[in-house]
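This report concerns only the one structure given below.
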Amino acid sequence: MDRKFGRKRDILLVASLLAAAGILWLVLGLIPSGADARAEIYVDGTLVETVPLSGPDREIVLSSRPHVHLRLENHAVAFTSSDCPDKTCIRAGYLSKPGQASACLPNGVVLKITGSGGTDITVG
């Protein structure tokens, strides 16, 4: 009996597995970041402020880096202004899920989201 891959049953099985994986990926991406999610702000590797994402919308200006501005809005936080040349930190956009991070390397500022439901990263 000569058996070939590509029978209707095999194709249906592979398509079903891919569909299930896609649905799982979408569902996991829609899970909210959690009530205890918070933004940790580091300057030169030192934690200088922790802000709960569930707090009120506000502008954050660091006393040691007055030219770097962050914005807490709708349970997410982002760099909104910086004097760095490439503005990569601003282009990163809003962060809201644990495990996400952004950095303004010329100014030595790192923004890290922590809390349940994500992977922890280390800032050194």
Side-chain angles (χ1 to χ4, degrees):
M1 182 179 243
D2 189 16
R3 190 171 164 144
K4 295 181 181 178
F5 181 80
R7 291 179 142 177
K8 286 183 184 179
R9 184 177 26 188
D10 296 333
I11 293 172
L12 200 56
L13 176 66
V14 170
S16 298
L17 289 173
L18 288 174
I23 290 170
L24 181 63
W25 178 73
L26 284 173
V27 168
L28 291 177
L30 295 175
I31 293 175
S33 60
D36 68 335
R38 59 198 174 279
E40 293 182 349
I41 303 166
Y42 294 82
V43 175
D44 296 329
T46 302
L47 179 64
V48 294
E49 190 170 351
T50 300
V51 180
L53 294 184
S54 59
D57 293 356
R58 69 181 179 114
E59 190 81 15
I60 301 167
V61 180
L62 305 172
S63 58
S64 63
R65 303 290 194 276
H67 44 273
V68 177
H69 294 216
L70 298 109
R71 176 87 184 144
L72 176 63
E73 186 175 323
N74 296 325
H75 305 286
V77 65
F79 285 94
T80 55
S81 163
S82 176
D83 66 347
C84 62
D86 59 4
K87 310 290 188 224
T88 302
C89 53
I90 296 170
R91 286 196 308 269
Y94 280 87
L95 309 176
S96 62
K97 295 184 181 184
Q100 291 181 316
S102 180
C104 184
L105 295 179
N107 288 304
V109 179
V110 175
L111 175 61
K112 171 179 140 179
I113 307 301
T114 60
S116 65
T119 57
D120 243 359
I121 57 174
T122 332
V123 176

Audit row: V77, I113, side-chain contact (heavy atoms from CB on, under 4.5 Å) steps and yes/no: CA-CA 9 Å; V77 65; I113 307 301; 3.7 Å; yes
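Between the CG atom in L62 and the CG atom in L70 there is a gap of 6.0 Å [rounded to 0.5 Å]. Summarising the geometry, atom CD1 belonging to I41 is positioned 4.5 Å from atom CD1 belonging to I60; distances are rounded to the nearest 0.5 Å. Atom CG of L12 sits about 13.5 Å away from atom CZ of R7, to the nearest 0.5 Å. In this structure, the separation between OG on S102 and CZ on F79 is 5.0 Å, given to the nearest 0.5 Å.
Contact check for S81 versus H67: no side-chain heavy atoms found under the 4.5 Å cut-off. By the 4.5 Å heavy-atom criterion applied to side chains, S82 and N107 are counted as neighbours. Within the 4.5 Å cutoff, side-chain heavy atoms of L111 are placed close to those of L95.
The minimum heavy-atom distance linking S96 with L53 is given by the pair O-CD1, 3.6 Å. In terms of heavy atoms, L47 sits closest to E49 at CD1-O, 3.6 Å. Between P56 and L72, the shortest heavy-atom contact is O-CD2, 3.5 Å. Residues T50 and R38 approach most closely at CG2-CD, 3.6 Å, considering heavy atoms. Smallest separation of non-hydrogen atoms from V110 and A103: CG2-CB, 4.0 Å. Contact between P98 and G115 at its shortest, heavy atoms only, is CB-O, 3.7 Å.
In the hydrophobic clustering of ILVMFWY residues, with side-chain heavy atoms under 4.5 Å counting as a link, V48 and V61 come out apart. In the hydrophobic clustering of this structure, Y94 does not group with V109; members are Ile, Leu, Val, Met, Phe, Trp, Tyr whose side-chain heavy atoms approach within less than 4.5 Å, directly or through other members.
Looking only at distances, a side-chain donor or acceptor of T80 sits under 3.5 Å from a matching main-chain atom of H69. With hydrogens and angles ignored, the 3.5 Å screen pairs no side-chain donor or acceptor of R65 with any backbone N or O of G108.
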